[in-house]
Structure formats: structure tokens, C-alpha cells
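Worth knowing before you read on, the calculation uses all heavy atoms, side chains too, and leaves out hydrogens, waters and symmetry mates.
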Amino acid sequence: SLQAGLAVLLKAERLFHSSYHSQAVHIRPVCRVSHWFAQIPCGGFTVAARLFLVQDASCLAVSWELRQTLTVVFDFFSSGQGKKDWSLFKMFSRTLTDTCPLASQSKVYVDISPKNKEKELLEVSPPPTSVHEAIVQGDKKTYAVYDLLSPSLFNTSRSLNVQLKWKRPQDSSEMPIPILHAQRYVGGYGLQTGEICTLIYNTHPYRAFPVILLETVPWYLRLYVHTLTIITKGKENKPS
């Protein structure tokens with residue numbers, strides 16, 4: 001249903017009016033977890049039962065995991081004349097009004113990591129239910145977490161519009177480039193010289209990162225795997 005939970009934000013008019021969007025369905029087999037009960041004598045005639053969850057090493061019992069993902073990129077910095085403020089309503093023309101009754105977990109993460117250690121410049125509202133810190137690509141990241149299943153989140157208002165504002169006038173400088181980023185462009189023309197070039201940059205001074213490249217191409221475009229060329233630091237790497 002599109003009437004509750006994060007699905008409320010899925011307004012087609014706004015999703016397609018973005019810089020980038022991608023939908024995917026992932027299906028994979030998962031070894032089923034077995035349940036074991038152990039009887040433990042306790043105090044004479046009292047018997048306690050303990051539950052053990054054991055992964056099936058032989059994987060004889062298999063379940064199927066279905067995961068649906070939606071990736072959307074809104075570039076408000078370019079379209080909004082250099083302004084960095086944003087909100088759920090500005091992006092989706094909607095706000096979160098209720099939780100999904102079938103969801104066991106439903107959270108919104110907002111990256112509030114300080115730029116140049118100036119944490120006081122960022123203001124996120126309403127106040128998050130918790131703050132989470134993690135290491136991403138060697139950098140420490142701070143996230144404001146909104147747990148939609150928390151009863152206190154919708155106590156004051158039946159509408160949640162997460163907003164991020166800058167407390168002082170914003171400069172018009174470009175957004176910082178991530179340590180690991182990519183660019184893609186099309187070269188040549190026709191089936192003979194046409195090509196898709198993807199450039200992946202790692203600007204970290206010493207650390208290497210594993211990369212999984214997923215190319216999204218139109219359904220009518222025919223790709224020839226034998227023409228794949230990988231060049232690293234000016235040297236060609238033959239794909240295995």
C-alpha cells in the first residue's frame with residue numbers, strides 16, 4: 001500500500017523528475033535457520049526450555065530472499081542556485097504521515113557529518129530519535145536516525161517532514177567530491193565506434209577499496225563483452 005510508511009514518498013511525478021533514478025529487484029537463496037530446544041533441569045522438578053538458532057551448514061533447507069531497492073538522486077545544489085537546504089517535502093512533495101503496519105523496521109538516515117569540523121553549521125529538524133556513527137570509506141560518518149516505529153516520533157504531529165538547514169549564509173562553492181566517485185560518458189557513434197566509458201576515481205592517499213560496478217544501459221543497446229577494456233593507472237588489465 002502507498003498510504004503508509006516510506007511508500008508514501010513514492011510519487012512518480014517527483015521520482016522521474018530527478019537527476020537519476022534506478023529500480024531493482026534482488027532474489028537470492030538463503031540457508032534456512034533451524035530451531036532447537038534443549039531441556040535443562042533446574043531446581044529439582046523444575047525444567048527450563050532454551051531455544052537455539054542453528055544455521056544449516058549443509059544448506060539442505062533453502063528460503064528465498066526478495067529485496068526491492070529504489071535509488072533516487074536529487075541535485076538541489078545545482079537546481080536551487082547553490083542552496084544546500086532540503087526537506088522531504090521539497091524532494092517528494094509529500095511528508096511521512098504514518099508507519100507501515102507490516103514493517104518490523106522502518107528508519108530514515110540523514111548524513112549530518114560535519115564539513116571541516118564545523119558541526120554547528122548544520123541544523124536538522126525535527127530532532128532525531130537517535131544518532132548513529134559509522135566508518136565509511138575510511139571516514140567517520142554521523143547519521144541522524146528517525147525510527148518510524150518509535151511512538152514518540154508522531155506524538156506532536158501526524159506529519160514528519162525531515163529538514164536540513166544551514167545556520168549561516170551559504171557560500172556558492174562546489175560540493176566536496178567524495179573520496180570514491182565515478183563518471184560515465186558516451187563516445188563514438190553507431191555500432192562500430194560507439195562506446196560507453198566509465199571512469200572510477202579513488203582520491204584516498206593510500207587506501208584501496210573493492211568496487212562492484214553495475215552498469216545500467218537501455219534495453220535496446222547491445223553490448224559485446226569481448227570488447228571490454230579495463231585500464232588502471234595507464235595499464236590495461238585483461239579481465240579474467
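Of the possible donor and acceptor atoms, one in the side chain of N161 sits under 3.5 Å from a partner among the backbone N and O of F89. No donor-acceptor distance shorter than 3.5 angstrom exists from the side chain of S106 to the backbone of A103, with no hydrogens or angles considered. Although no hydrogens or angles enter the test, the distance criterion places a donor-acceptor pair under 3.5 Å between the side chain of R14 and the main chain of K90.
A continuous path of hydrophobic side-chain contacts links V162 to L70 [ILVMFWY only; heavy atoms under 4.5 Å]. A single hydrophobic cluster is seen to contain both V108 and L9, as judged by linkage of ILVMFWY side chains at heavy-atom distances under 4.5 Å, directly or through other members. By the rule that hydrophobic residues join a cluster once side-chain heavy atoms approach within less than 4.5 Å of another member, V211 and I179 end up as members of one cluster. In terms of hydrophobic clustering, with Ile, Leu, Val, Met, Phe, Trp and Tyr side chains grouped at heavy-atom distances under 4.5 Å, V145 and V136 are assigned to a common cluster. Note: the hydrophobic cluster containing Y201 does not contain I230 (ILVMFWY, side chain heavy atoms under 4.5 Å, direct or indirect links).
Using a 4.0 Å cut-off between a side-chain N of Lys or Arg and a carboxylate O of Asp or Glu, K141 and E133 do not qualify as a salt bridge.
S22 OG to L214 CG: the interatomic distance, rounded to the nearest 0.5 Å, is 7.0 Å. Rounded to the nearest 0.5 angstrom, S18 OG and E13 CD are separated by 12.0 Å. With rounding to the nearest 0.5 angstrom, the CD atom of Q163 is 9.0 Å from the CG atom of D85. To the nearest 0.5 Å, the span separating OG on S150 from NZ on K107 amounts to 10.0 Å. The OG1 atom of T71 sits 11.5 Å away from atom CG of L15, with the distance rounded to the nearest 0.5 Å.
Here the closest heavy-atom approach between residue I27 and residue L66 is recorded as CG1-CD1, 3.7 Å. Across all their heavy atoms, H17 and F74 have their closest contact at O-CE2, 4.2 Å.
With contacts defined as side-chain heavy-atom distances shorter than 4.5 Å, the pair V30/W64 does not qualify. Using a 4.5 Å cut-off on side-chain heavy atoms (C-beta onward), N237 and I231 make no contact. Using a 4.5 Å heavy-atom threshold, the side chains of W86 and K165 count as separate. Side-chain contact between I196 and Y185 is absent, with no heavy-atom pair separated by less than 4.5 Å. Between Y146 and P126, some side-chain heavy-atom pair lies under the 4.5 Å cut-off. Using a 4.5 Å heavy-atom cutoff, the side chains of L148 and L6 are in contact. In this structure, the side chains of T69 and H26 come closer than 4.5 Å at one or more pairs of heavy atoms. T95 has its side chain out of reach of L160: every pair of non-hydrogen atoms, C-beta onward, lies at least 4.5 Å apart.
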**OP:** Take D75 and Y20, measure what side chain to side chain contact (heavy atoms under 4.5 Å, CB included) needs, and give me the verdict at the end.
**Re:** CA-CA 9 Å; D75 189 2; Y20 172 84; over 6 Å; no
**OP:** For the pair E65 and R28, evaluate salt bridge (charged side-chain N to carboxylate O under 4.0 Å, His left out) and give the outcome as yes or no after the intermediate values.
**Re:** CA-CA 5 Å; E65 178 188 82; R28 66 166 185 166; 2.7 Å; yes
Subject >> Audit row: I200, T198, side chain to side chain contact (heavy atoms under 4.5 Å, CB included) steps and yes/no >> reply: CA-CA 7 Å; I200 302 177; T198 302; 4.3 Å; yes
**OP:** Evaluate the criterion side chain to side chain contact (heavy atoms under 4.5 Å, CB included) for residue pair K140 and I135; output intermediate values, then yes/no.
**Re:** CA-CA 5 Å; K140 184 179 180 181; I135 303 297; 4.0 Å; yes
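Other residues, nucleotides and ligands contribute more than 12 heavy atoms inside 6.0 Å of the NE2 atom of H181.
No donor-acceptor contact under 3.5 angstrom links the side chains of T129 and D147, judged on distance only. Side chains of T142 and S113: no donor on one and acceptor on the other come within 3.5 Å.
Taking the six-membered ring for Trp and thresholds of 30 and 60 degrees, Y143 and Y109 have ring planes more than 60 degrees apart, a perpendicular arrangement.
For residues 191-200, no pair satisfies salt bridge (Lys or Arg N to Asp or Glu O under 4.0 Å), with sequence neighbours left out. Identified under the salt bridge (Lys or Arg N to Asp or Glu O under 4.0 Å) test for residues 200-218, with sequence neighbours left out: R184-E215.
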